[in-house]
Amino acid sequence: MTLRPFTSKDFADEPVINLMSRLVKIPDLPHKKNGVELEKLKSMTPEEIRVEFAQRLNDGRLRFSTYTHKHLDDKRRTK
């Protein structure tokens, strides 16, 4: 079963600060070196952050554990 791609609406109830912490670029951490610069994140609207989060999750630039993916997939199925 193939699920539809994530959209910003999937993260409407997620606090923006949580999404920002997962997106921010941290050069010393290999899994965060391709993130978004903090200054850019600060200039983005909450909707832009949710869109960026969804896009990066869909195209593989943002990685999560198997547990997190299962949680997100379960959450989408209940909507």
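Quick caveat: nothing in here was measured; it's all calculated off a predicted structure. What's counted below: heavy atoms across the whole structure, side chains too, no hydrogens, waters or symmetry copies.
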Side-chain heavy atoms of [X] within contact of [Y], under 4.5 Å:
X	Y	answer
E52	I49	no
S43	E39	no
K25	L38	no

Pairwise distance CZ(R50) to CG(L23) - rounded to 0.5 angstrom:
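That separation rounds to 11.5 Å.
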
CZ/R22 to CG/L62 distance, rounded to the nearest 0.5 angstrom?
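Between R22 CZ and L62 CG, I get 8.0 Å after rounding to 0.5 Å.
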
Ring centroid separation for F6 and F53, is it under 6.0 angstrom?
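No - the distance between ring centres of F6 and F53 does not fall below the 6.0 Å cut-off.
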
Pick from V16, L57, N18: which one makes a side-chain contact (heavy atoms from CB on, under 4.5 Å) with F11?
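Per the side-chain contact (heavy atoms from CB on, under 4.5 Å) rule, the option paired with F11 is L57, out of V16, L57, N18.
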
Looking only at non-hydrogen atoms, find the nearest pair between A54 and T7 and report the distance.
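Here A54 and T7 meet closest at CB-C, 3.7 Å.
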
List the atom of K40, the atom of M44, and the distance in Å for their closest heavy-atom pair.
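It is O-CG, 3.1 Å.
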
Tell me every residue that passes side-chain contact (heavy atoms from CB on, under 4.5 Å) with V51, counting only those two or more places apart in sequence or in another chain.
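Only S8, E47, Q55 meet the side-chain contact (heavy atoms from CB on, under 4.5 Å) criterion with V51.
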
Holding to salt bridge (Lys or Arg N to Asp or Glu O under 4.0 Å), I want the full list of residues that pass it with D59, two or more places apart in sequence or in another chain.
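So D59 forms a salt bridge (Lys or Arg N to Asp or Glu O under 4.0 Å) with R61.
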
